[in-house]
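These notes are about the structure you will find just below.
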Amino acid sequence: MKYGRFDDARREYVIVRPDTPTPWLNYLGGQGLIGLISNTAGGYTFYRDARLRRLTRYRYNAVPSGENGRYLYVRDDDDGSYWSPTWRPARAPVDDYHCRHGLGYTVIGSTCREIEVEAVYFIPSDRAVEVCSVRVTNHRSATAEISLFAAVEFCLWDAQDDATNFQRNLNIGEVEAHGGTIFHKTGYRERRDHFASFSCSEPTTGFDTKREAFLGAYRGWDLPIGVERGVLSNSLAVGGAPIGAHQVRLAIEPGEEKRVVFLLGYHENHAPKFDNTEHTALRTDDANSLIARFFDKEIIDRELNRLREDWDKTLGRLQVRVPVPEADRMINTWTPYQCVICFNVARSASGYEAGIGRGIGFRDANQDLLGCVHLLPESARRRLLDLASTQLASGSAHHQYQPLTRKGNDVIGSGFNDDPLWLILAASAYLKETGDWQILDEPVCYSDKPALGTPLYEHLIRAGEYTLARLGPHGLPLIGRADWNDCLNLNSHTNDPDESFQTAPQRTVGIAESVFIAGLFGLVAPELAEIATRRGDAAVAQRFSMSAAEMRRAVEAHAWDGKWYLRAYDAAGGRIGSQDCDEGRIYIEPQGMCTMAGFGLSDGRARAALDAVHERLLTDHGLMLLQPPYTRYNTALGEISSYPPGYKENASIFSHTNPWIIIAECLLGRGDRAWDYAMRLNPACCEEISDIRRCEPYVYAQTIVGRDAADHGLARNSWLTGTASWMYVALTQWILGIRPTYDGLMIDPCTPPNWAGYAVTRVFRNATYDIHVENPSRQSRHVRDIHVDGEAIAGSILPVFADGKTHHVDVTLGSAR
Ligand code: BGC
Ligand code: NOJ
């Protein structure tokens, strides 16, 4: 069943029923203030760090789910009935419900008792204020006397503490209320210099800041006593659970529309912090001027337009027209959008990630960069330098770091042996996109040696050397705590049910090896060699091209299982992902990564490996991570075997891995297969099965339950997944074949053979390439000729014009003449 539809022209997903199978989310803001908002206005807002600067509460384990948001209620003051125009939390029936999730904004509206209400939520660029702009229209023939209520529940800033330390937190809450603004200032009396505000543009008839005053004892957000009574109590919270609730009475003439704006703000005061000498009252003048600015409805409309224009401009850097509308809409809008969201919040804060513990993952952030570097080159540059600064002098990296402090997460630590290599991949993608070689000379310190600053270039070398210094008995890289597959814990197995797999001590080291890391090394070492060559550093170039060749030989000698690549050697030297295994016989990751590294392309092994993937891992919903699943917990494997068969790393369709196989298929020239895999996973092709898939049909989800479980096809952990950037790279750079290289933009398509052609507009190094590809002889690949501005060029790399102009590129596929 469908719950909505794509509005491609407006780049919106329009949800037409509020009772989606899960809360269907969108993100607001991105740089400083970030909000998550569901199709019924659930969600939460934080400033940069969802643990340390969370503005509003959210209850992950709430029943029903998605509880807490920025809630609205409309009360008919004639008879006291009330509803929520966003359906939740009141859940009274409404007509014409619609939610339009757009890029950086969400519009939710409905009509009830001939009162139409529509709320627009967004965070203006560069401003720490979340706008909720409400229009109320009276379609009755008589004047409507209504009250509009808006409410948020504040968080006590450190979300971790807020979720655990009740005895303290119930006694520290503090607020101030002036005019139409409620200030939440818990902790401000001591060391904080930041606070939140919730304000209303129109004169209010009352407010509440005590949650129990607004809701009433034993009531939830669906039945607030304050709304029921139609009168708020102007309560001032000290301790307890501070909220912000406003009431506005409106008399609306027939046909008239009124507008009310609610603002949720985050503010920082630098000296002076207080407004009085007793050091108790907030200094609010800066906050008030920000608030006043966004009470101006013209400014709001202008900022919303600016947001739309900014997104159009950003996404305009790569737009395509292919024969499949479900692909167009993902490539042109939703996937790059998801890439940018992942780039901004990594895996830290979503409907499934509490934003409390994990921070930014090192490997995740590097991979997220791959899908955004052409959209946000300056941010990508900063991110690369940030990431390198969390690297350790050994070349290793903290697995995760906190976004606010940039400190590595010491609980998880390092020792995920694939981590550092992703920095090389991200840096090479940045160089290919921008040609900004100067970045390699930027001095960057090491997290464990803050006084040691070396050029970024040396960070990359140390990342590569980290692998080479940790080779196992077969010359393959040691896996450490885990590789990309965080749950394949070959050294830190545990039988203690109270011990986390992620942090359990490594009881063995020095034997377990990862074929995946071997493949990843094979992919990135030649990049490092090429970078070194271009810097005139022949020694490093030679070291990494030779070590890449050695790695390939080690894989050929010790990682080929006869029909596909092995996954790993375990701590006892046993084979994982082998025909000899009863369970976990074939894993997807090494088949993708080794082929991407170019291994086995000339001797048929890559083809065999990918055929095995096709034969054993394919389902209607995508490719599973492994088969057969593990049915018993096995300490030698760790967390992977702790999941029920078909879930997560234990044989779900772990979406992130699918684009690797798509790219690998392109390397073999099998455009039909590559496309088929991409479309099976394409969320926009799954609208009709939303009751099975359950997640948003406009974004990829981390996992889809595999065929070994009854709920096969059920997607979980939408939004924050490396799938977005890899799928985007696979579709645009490998299937459509428009691929940045160090020397220019390469055209190397591998499409389904039956396509007549397609078009791509690509901004690359300050020029626009307007590319038309024709496929008269219905082939998958092979560029026959390329004309740039009417002139034939040799080879398949478009020149770098960097002249700010548009260049017309005509490509004809076919066999060479
Ligand atoms: C999850 C993995 C994830 C890891 C990251 C595990 O608990 O199951 O999917 O990669 O945490 O730390
Ligand atoms: C999610 C993690 O964020 C990512 O780093 C990891 O590679 C995958 N899970 C697979 O375990």
Side-chain angles (χ1 to χ4, degrees), residues 338-339 341-371 387 390 396-401 403 408-409 412-423 425-426 479-490 492 500-503 514 516-517 519-520 523 567-568 576-577 584 587-590 592-593 622-626 629-630 637-643 647-661 700-704 706 715-727:
Q338 187 177 0
C339 287
I341 303 295
C342 289
F343 181 85
N344 288 335
V345 296
R347 307 293 171 272
S348 77
S350 74
Y352 310 85
E353 312 270 15
I356 289 180
R358 299 188 47 169
I360 308 252
F362 189 86
R363 77 158 83 86
D364 298 329
N366 277 300
Q367 291 172 85
D368 291 342
L369 186 143
L370 306 176
L387 283 165
T390 70
S396 176
H398 269 113
H399 193 48
Q400 294 159 357
Y401 67 97
N409 179 346
I412 298 272
S414 66
F416 292 75
N417 281 353
D418 64 314
D419 273 341
L421 294 178
W422 298 106
L423 182 67
L425 190 66
I479 196 168
R481 189 168 275 293
D483 60 23
W484 172 87
N485 189 329
D486 273 324
C487 301
L488 189 59
N489 313 121
L490 303 182
S492 36
S500 154
F501 291 100
Q502 306 287 314
T503 53
S514 161
F516 176 83
I517 303 181
L520 181 58
L523 180 67
R567 178 63 177 84
I576 293 184
Y587 277 67
I588 199 169
E589 306 100 303
M593 203 37 84
L623 296 160
M624 294 173 289
L625 191 145
L626 60 80
Y630 296 105
L637 297 170
E639 180 166 349
I640 191 166
S641 63
S642 72
Y643 292 107
Y647 288 81
K648 292 280 285 184
E649 281 83 347
N650 190 13
S652 80
I653 294 145
F654 208 105
S655 310
H656 189 136
T657 62
N658 281 227
W660 294 338
I661 300 297
Y700 292 97
Q702 185 197 47
T703 62
I704 299 167
R716 286 223 174 99
N717 301 4
S718 54
W719 275 104
L720 303 186
T721 159
T723 315
S725 69
W726 275 109
M727 191 57 91

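All ligand and atom numbering here is 1-based and tracks the order in the structure. All residue numbers refer to positions in the sequence shown, counting from 1.
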Quick one: does ligand 2 sit under 4.0 Å from the side chain of D486, the backbone, both or neither, non-hydrogen atoms only?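 D486 to ligand 2: contacts from backbone and side chain alike.
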Looking only at heavy atoms, is any part of R363 under 4.0 Å from ligand 2, and if so is it the side chain, the backbone, or both, or is it neither? side chain
Considering the heavy atoms of [X], write down every atom of ligand 2 situated less than 4.0 Å from one of them.
X    : result
E649 : 9 (N), 10 (C), 11 (O)
R347 : 3 (O)
N485 : 11 (O)

Test Q702 against every option in R716, K648, H656 by the side chain to side chain donor-acceptor pair (under 3.5 Å) rule and name the one that passes.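 Of all the options given, the one that passes is K648.
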Measure the shortest side-chain to side-chain distance between L626 and R567 over non-hydrogen atoms and say whether it is less than 4.5 angstrom. no
Side chains of D486 and R363, heavy atoms from C-beta outward: is any pair under 4.5 Å?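 Sidechains of R363 and D486: in contact.
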Could you walk me through whether Q502 and E639 pass side-chain contact (heavy atoms from CB on, under 4.5 Å), step by step? CA-CA 8 Å; Q502 306 287 314; E639 180 166 349; 2.9 Å; yes
Are F516 and W660 close enough that their ring centres sit under 6.0 Å apart? yes
So for Q702, does at least one of its heavy atoms come nearer than 4.0 angstrom to any atom of ligand 2?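 Yes.
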